[in-house]
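Letters A, B, ... are given to chains in the order of the sequence lines, protein chains preceding strands, and every chain is numbered from 1.
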Amino acid sequence: MLQTFRGTHDHLPDVAVRYDYIIKVAQHWAGLYGYNLVSTPIFEYADVFSRTLGDTSDIVTKEMFVFEDRHGDKLVLRPEGTAGLMRCLLSNGLMHQLPQKYFYAGPMFRYERPQKGRTRQFHQIGVEFMGEASPLSDGEAITLAWDVLGALGLKNKVALHINSLGDTESRQAYRGLLVEYFSDFKSELSPDSQERLLKNPLRILDSKDPKDQALVAKAPSLEGSLNNLSKDFFARVLESLDLLKIPYSINPRLVRGLDYYCHTAFEFVTDTLGAQSAVLAGGRYDRLALMMGHKEPIPSIGWAAGIERLELMLDQPVLGARPLSLIPIGEAAERKVLGLAHDLRLSNISVVMAPSGNLKSRMKYANKVNAQAVLILGEDELQKGTAVLKELDNGNQQEIPLSQIKDALKRLS
RNA sequence: GCGGGUGUAGCUCAGUUGGUUAGAGCACCAGUUUGUGGCACUGGGGGUCGUGGGUUCGAUUCCCAUCACUCGCCCCA
């Protein structure tokens, strides 16, 4: 009863401030690229996800929190952001005003076994660039990701892996070749990969099983199946990265799990989070709109990053604003201090009151809330119309007239 | 969903080869300082030994189940 549900957590202030910091940094940079903040409901009709993510994807088959409302409508807590945003675009008729660039942040839900960096309610920041087919938009989206990671001080902890899945024609051709190849060795594949052969053959490529990898080494390459259009598209994405000197490595085994991806697939990976290597990942999803019933494709590119994972990687502590601690002594001072505190707050100064306890414990409290200074107002000071201002970092203290407090505080910061 | 590890105070952990009142450090509270924090000293409060059941004269300790966390697999951010 007093325990949170498996895989969900409270975010106490020291953690919450770090989440908030990550979101603010990402939103700031997304703004510089013209992405606008949007938010969509955290639950949707189940079809929004089950029809678009792929009937055989793990997310749909075993990881969605599905429930029915009182009318028997099937609903699902969103397991990812992209499908909901595409639904949002179509619902609001915004396909007539393309392109659209969106930034979002919020909780996602997957019914998984929790691990470090993996929770059942987790949080993502993400961007979607919808209605733009140029490979320049892929390059730009990846550059934004690189800038966000850089602003968070994580560049030296991540590596960019990138690959191309090709357009639909290339991808389907390759899938055929791959199934043909692996079918000959079916009994030699790991049980997991035998399953993949049926559901998602591309996934066999990044199997961790050594025997699978031996077979993969001789398998036909994805690159070999790319048609000229796909090859050219990929080359132009890479060119963007080269021009901006963003380091990457082409990973021919990088594939995406969800059905709607094509062309560019990329991941920023880390080795600092145990089994969870992907920190930020995304790709192009030109066909998603079609899968949602729209009559033509809406070429789009996007990515999402796990806030939990980013937070675990942050080195430096995130500090909040340092308040002024107000300490009134005696009832008359308490009355006086109410107005003073309000006045200071109206001047954009953070003020924390410590109205009870002995002076010593109130000083300690000021320390605990990381106050920059305390303002002590007792009987003597009240009569003189002054207060004692003490800086906590160096212990300096002086008695100043109440009328000069704002100026004195401004001099401190 | 599969396999391994862990679960003792708010936190980090000792401990009990089954036996009276379960310990430490940090944190918290109070005092040394009747209006001055961070340091030091002294004292104090705080524990269903994850939960439920079983074995036993007796279980925090052994057994089973369950929950949570954790490591790996699957998958993914």
Test: A:Arg120 cationic atom under 6.0 Å from A:Tyr111 six-membered ring centre, within 45° of axis
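That pair qualifies as a cation-pi contact.
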Assuming nearest nucleotide by heavy-atom distance, tell me which of A:Lys390 and A:Asp209 is located more 5' along RNA chain B.
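So the residue in question is A:Lys390.
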Between A:Leu273 and A:Gly306, which has a closest nucleotide on RNA chain B that is more 5'?
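The residue mapped nearer the 5' terminus is A:Leu273.
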Taking the same atom, [atom1], in [N] and in [M], what whole-Å distance lies between them?
N: B:rG52; M: B:rC73; atom1: P; value: 35 Å
N: B:rC13; M: B:rC71; atom1: P; value: 14 Å
N: B:rU21; M: B:rC26; atom1: P; value: 28 Å
N: B:rG47; M: B:rC11; atom1: P; value: 14 Å
N: B:rU70; M: B:rU61; atom1: C1'; value: 23 Å
N: B:rA27; M: B:rU12; atom1: C1'; value: 11 Å
N: B:rU48; M: B:rG10; atom1: P; value: 8 Å
N: B:rU8; M: B:rG50; atom1: C1'; value: 10 Å

Contacts of [X] that satisfy ring pair (Phe, Tyr, Trp, His ring centres under 6.0 Å) - sequence neighbours left out:
X: A:Tyr285; answer: A:Tyr260
X: A:Tyr181; answer: A:Phe185
X: A:Phe233; answer: A:His263
X: A:His11; answer: A:Tyr19, A:His123

Test side chain to side chain contact (heavy atoms under 4.5 Å, CB included) applied to A:Asn163 and A:Thr264, step by step
CA-CA 6 Å; A:Asn163 194 23; A:Thr264 316; over 6 Å; no
Please produce a list of atom pairs where a protein N or O lies less than 3.5 Å from an N or O of nucleotides 3-10 of chain B.
from: B:rG3; atom 1: O6; to: A:Arg113; atom 2: NH2; distance (Å): 3.0

Under 4.0 Å, heavy atoms only, any strand: does [X] hit a base, just the sugar-phosphate, or nothing?
X: A:Ala278; answer: sugar-phosphate
X: A:Gln115; answer: base
X: A:Glu195; answer: nothing
X: A:Gly282; answer: nothing
X: A:Glu381; answer: base
X: A:Gly126; answer: nothing
X: A:Leu280; answer: sugar-phosphate
X: A:Ser325; answer: nothing
X: A:Ile125; answer: nothing

Just distance, no hydrogens or angles: give the donor-acceptor pairs under 3.5 Å from side chains in residues 147-162 of chain A, sequence neighbours left out.
from: A:Asp147; atom 1: OD2; to: A:Tyr33; atom 2: OH; distance (Å): 2.4
from: A:Lys157; atom 1: NZ; to: A:Met313; atom 2: O; distance (Å): 2.8
from: A:Lys157; atom 1: NZ; to: A:Asp315; atom 2: OD1; distance (Å): 2.7
from: A:His161; atom 1: ND1; to: A:Asn251; atom 2: ND2; distance (Å): 3.4

Between the side chain of A:Arg322 and the main-chain N/O of A:Val369, is any donor-acceptor distance below 3.5 Å?
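No; zero donor-acceptor contacts below 3.5 Å.
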Side chain to side chain donor-acceptor pair (under 3.5 Å): which pairs involve residues 373-384 of chain A, sequence neighbours left out?
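Passing the test, one end in residues 373-384 of chain A: A:Lys384-A:Glu399.
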I'd like to check the side chain to side chain contact (heavy atoms under 4.5 Å, CB included) partners of A:Asp184; sequence neighbours left out, ordered by chain and number.
none
Among all residues two or more places apart in sequence or in another chain, which pass the side chain to side chain contact (heavy atoms under 4.5 Å, CB included) test with A:Glu331?
A:Glu334, A:Arg335
A:Thr82 and A:Glu128: side chain donor to acceptor below 3.5 Å:
yes
Where the side chain of [X] is concerned, which of [options] is the nearest nucleotide?
X: A:Arg6; options: B:rU70, B:rA68, B:rC74; value: B:rA68
X: A:Lys116; options: B:rU70, B:rG37, B:rC76; value: B:rU70
X: A:Lys208; options: B:rC73, B:rU36, B:rA77; value: B:rC73
X: A:Asp192; options: B:rG35, B:rA77, B:rC74; value: B:rC74

Could you run down the sub-3.5 Å N/O contacts of the protein with nucleotides 28-34 of chain B?
from: B:rU32; atom 1: O4; to: A:Lys360; atom 2: NZ; distance (Å): 2.9

Would you kindly give the CZ-to-P distance between A:Arg118 and B:rC71, to the nearest whole Å?
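Roughly 11 Å, once rounded to whole Å.
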What is the pairing partner of B:rA68, taking Watson-Crick or G-U wobble pairs with both distances under 3.5 Å in any strand?
B:rU6
Hey, can you pull the residues of residues 16-24 of chain A with a non-hydrogen atom under 4.0 angstrom from RNA chain B?
none
Sorted by chain and residue number, the side chain to side chain donor-acceptor pair (under 3.5 Å) partners of A:Thr143 (sequence neighbours excluded) come out as none
